[in-house]
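Here's the structure, in structure tokens; my notes come after.
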Amino acid sequence: MESVLTLMKVFSGNMNTSQPILSSEDYSCLFYKIAELCQIHQEFRNNLEARLKNWTPDQTFSDLFQFLDKHMYLHEEYASNYPRSISVLERCRREIPQFNKIATNIKMPTGETATLESLLYGPLARVTKMTLVINDLLKHTPEVHTDYQVMKMLHSHSNEFLQKQTFEAPRERTKSFKSRKRYLLKESYLVEWNDGERRLRHVLLWNDVIICAAEKSTRTVFNQEKQKGQYECKWCIPLTEISLSAFDQSEGEPQVKLTGAEDLRKLKKEISMIKTQVRRTSGQRNFKKNANKHKKALQELEAHMVMASPNLPFHLYHQHGKTYTLLMSSDYERIEWNEAISRAKRECTFTPSLTSFHLEKIMAKCKRSRKVNAIGSFLLKDDEESVSGILKVIVKKATGLTEPKSLCCAIEVDSYGMYSLMARTSPMEASLEPEWEKDFDLEVDGARSIRIICYEIINGKSEFYDRGFTTLPKAKQMKDKSEDFVVKMEKIEITISAKYTCATKTLKRVQSRKKLGVFGVRLQQVVAREQFEIPHIVSLCIQEVEERGLEETGIYRISGSSGDVTKLKNAFENHHRSCESIMKQTDIHAVAGLMKLYFRELPEPLFTNILYTKLVDALTLTDQETKSSTMRSLVDKLPEANRSTVFAIFNHIKRVSEKQSSNKMSLQNMATVFGPTLLGPALSKSASNDPLQSIVGMSDVMSQVGILSYLLEHCY
């Protein structure tokens, strides 16, 4: 409005000349009530700024809101004259060339140009913006607060005012927008962290605004039926008013409650059970009816997976101080949104005026797209198309660089459509064709694609450089044979290879023929030979992880290079004198992987085959005191070497979890990683060919994680 007031003064001064551009009648009609409105809002802003500078928790603003409400009649009078002023504007532009030149090329304080038509719409747009802000304030103001009732009254009056208006905002906000239309750049169903809860949102990035919407009927979020008026806008921010980094006045970032690994495993178990039922009923009489029932169940699980899986916060900061937090499942997804918003902001030079009418029109356009994400189609596909077991990935080399760079790669693999970080290469020295030749054994479940994020090392820090993905072939095409892929990115190409080993072959539990070996040899035998309380390899791994890896993100979850793990394994197998020094020079994730490999290759699990079934039975006890004492007594029955090793592992796991704010590995996450390794018995050959083994195996894994979690949290 200040720009209109400035222009108004220019025309007012011109009217005193011998050849005025506008007549006094046209001038009065065009700028009707502008001076009064500008004075009211300037006074409100000045008083508000003064109070905010000296803000205290007891500060109230009810008199300022009353002041705005008292002068709402000025907006009503302005609105009643608005059609006449636009009519006068159009006539003057046609009849007065000099006026037309001025009215279509008004310089703004920002250096941009605007039209008089768009500026005259400003007072009406201000009411819309004020209504949205008051609505947001009401959500976060207790009803007993002094300001609440006054704000509610102002919100009611401004809403009534807007409902009476039928004007559309001018198509041109600035001259640069003349030839542009609003179009959608990116959209996705994301999880918003709001008031301490996860809420499913449809986030839409347009070329001028970002909108966060919610389904009005949550029961049908995941079907494909179109419904009239299905979305409602929760918040919208013009791109010119948003930032990806915090302002000085921004709210603090909220503490997000992360979803535990056990909860995700439970969801995957339910998925496995339903898919097994589908296979069992295939070809039966009521297959079609059952298939629809199973499809509906999978769609419900899809909703739970989408809500529970994302744990990485992505913050958006409004220039007025509000912070919005969206949750994403992977860095790749965060980078995608960061790039899309940054690019849109660079190209956007106008601030749109959005009324509730315009928001409804935008929401109506969203009906054409009702796809949550890729997960739904993944759940409904045949298991033969996905990979579950060990995926051996070799990151080979990068090509296409125009100048030498020091690069490293992060590998993300999906599980039923939701991605997580699985491995990371070490940085290479600056080169035109970096060759990593690093191999990783990744434990995957329902994987169909691989994402690679490439980072450049600058002054010791990792900065995003490029990204790309590739779809995996069907499991049977990669089974026990290597497949090469070229991941094409925007700047470079990265060559990788992958080989798949099915889940039934990953836990062999085979006795080693090498009597003086370390791996595949009974634990009691190793301890007796070494004359230590616990195997020397275990104590060295624990020591090294506690020295270098306690604050390493994803320790024990992120895979180390299988080549490095094999090198360490061979050193211990051959009783190399410098095992300890080799370990100190090896990536810490490989050291963690070595300890997991040691326990996985024991011919009998650490908790023994005999006690495993008894521990499973004890886990089902309902009386907590009986359950705890039974669990303790069973652990006490372990052979002395096993029991000592169990206690050493327990103490180590707790020390790792104490640093979960840094390493993101809670007790539950550690139990998820170590449960199958420490408790899982080997699968028999007959079981590996059983079509129902996937559901049995998943149930066993849940039990193993549950046992270890209970022992850690309630017994020791």
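Source: prediction; values computed, not measured.
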Do you know the tightest heavy-atom contact between Ser85 and Cys29?
CB-O, 3.5 Å
Any side-chain donor paired with an acceptor under 3.5 Å for Thr128 and Thr131?
no
Worked check of salt bridge (charged side-chain N to carboxylate O under 4.0 Å, His left out) between Lys234 and Glu232
CA-CA 6 Å; Lys234 289 299 180 182; Glu232 60 177 332; 3.8 Å; yes
Do you know the tightest heavy-atom contact between Glu551 and Asn663?
C-CB, 4.2 Å
Indicate yes or no: does Lys129 engage Glu241 in a salt bridge with an N to O separation below 4.0 Å.
yes
Is there a side-chain contact between Ile237 and Val209, using heavy atoms and a 4.5 Å cut-off?
no
Test of understanding: with ring-ring contact (aromatic ring centres under 6.0 Å, His included), list the residues that count as partners of Phe11, not counting sequence neighbours.
Phe99
Please test Ser709 against Gln668 for side-chain hydrogen bond (donor to acceptor under 3.5 Å, both in side chains), starting from the C-alpha separation and ending with a verdict.
CA-CA 6 Å; Ser709 177; Gln668 187 60 57; 3.1 Å; yes
Kindly give the heavy-atom pair with the smallest separation between Leu37 and Leu74, and that separation in Å.
CD2-CB, 3.6 Å
Hey, could you give me each pair passing side chain to side chain donor-acceptor pair (under 3.5 Å) that has a residue in residues 43-53? Not counting sequence neighbours.
Glu2-Arg45, Arg51-Asp63
Does a donor on one side chain sit under 3.5 Å from an acceptor on the other, for His315 and Thr325?
yes
Correct closest heavy-atom pair for Met8 and Ala35 would be CE-CB, 4.2 Å
Lys/Arg-Asp/Glu bridge criterion (N-O < 4.0 Å) met for Lys345, Glu347:
no
Ion pair Arg201/Glu192, N-O distance below 4.0 Å:
yes
Taking ring-ring contact (aromatic ring centres under 6.0 Å, His included) as the definition, give me every residue that meets it alongside Phe67, ordered by chain and number, with sequence neighbours left out.
His71
Side chains of Arg451 and Ser330: any donor to acceptor distance under 3.5 Å?
yes
Taking only residues at least two apart or on different chains, which pairs with a member in residues 317-346 satisfy ring pair (Phe, Tyr, Trp, His ring centres under 6.0 Å)?
Trp235-Tyr324, His318-His320
Arg91 atom CZ, over 12 foreign heavy atoms within 6.0 Å:
yes
Under 4.0 Å between a side-chain nitrogen and a carboxylate oxygen: does that hold for Asp195 and Lys139?
no
Looking at Ser666 and Ser657, what are the two nearest heavy atoms and their distance?
C-CB, 3.9 Å
Only pairs at least two apart or in different chains count here, so list each ring pair (Phe, Tyr, Trp, His ring centres under 6.0 Å) that has a residue in residues 238-261.
none
Please check this pair: side chain of Arg198 against backbone of Lys257, looking for a donor-acceptor N/O pair closer than 3.5 Å.
yes
Run the salt-bridge test on Arg467 and Glu339 with the 4.0 Å N-O cut-off and return the result as yes or no.
yes
Consider only side-chain N and O atoms of Ser342 and Asn338, and report whether a donor and an acceptor are under 3.5 Å apart.
yes
Given ring pair (Phe, Tyr, Trp, His ring centres under 6.0 Å), test His41 with His75 step by step and report yes or no.
CA-CA 11 Å; His41 285 282; His75 286 281; 5.2 Å; yes
Can you tell me how far the NZ atom of Lys33 sits from the SG atom of Cys38, to the nearest 0.5 Å?
14.5 Å
May I ask you to test the Leu120-Leu30 pair for a side-chain heavy-atom distance under 4.5 Å?
yes
Report the residues that fulfil ring-ring contact (aromatic ring centres under 6.0 Å, His included) with Tyr455, sequence neighbours left out, ordered by chain and then residue number.
none
Which heavy atom of Glu412 sits nearest to which heavy atom of Asp331, and what is that distance?
OE2-N, 3.1 Å
Tell me, with the steps shown, if Glu336 and Arg334 meet salt bridge (charged side-chain N to carboxylate O under 4.0 Å, His left out).
CA-CA 5 Å; Glu336 278 186 328; Arg334 284 200 296 192; over 6 Å; no
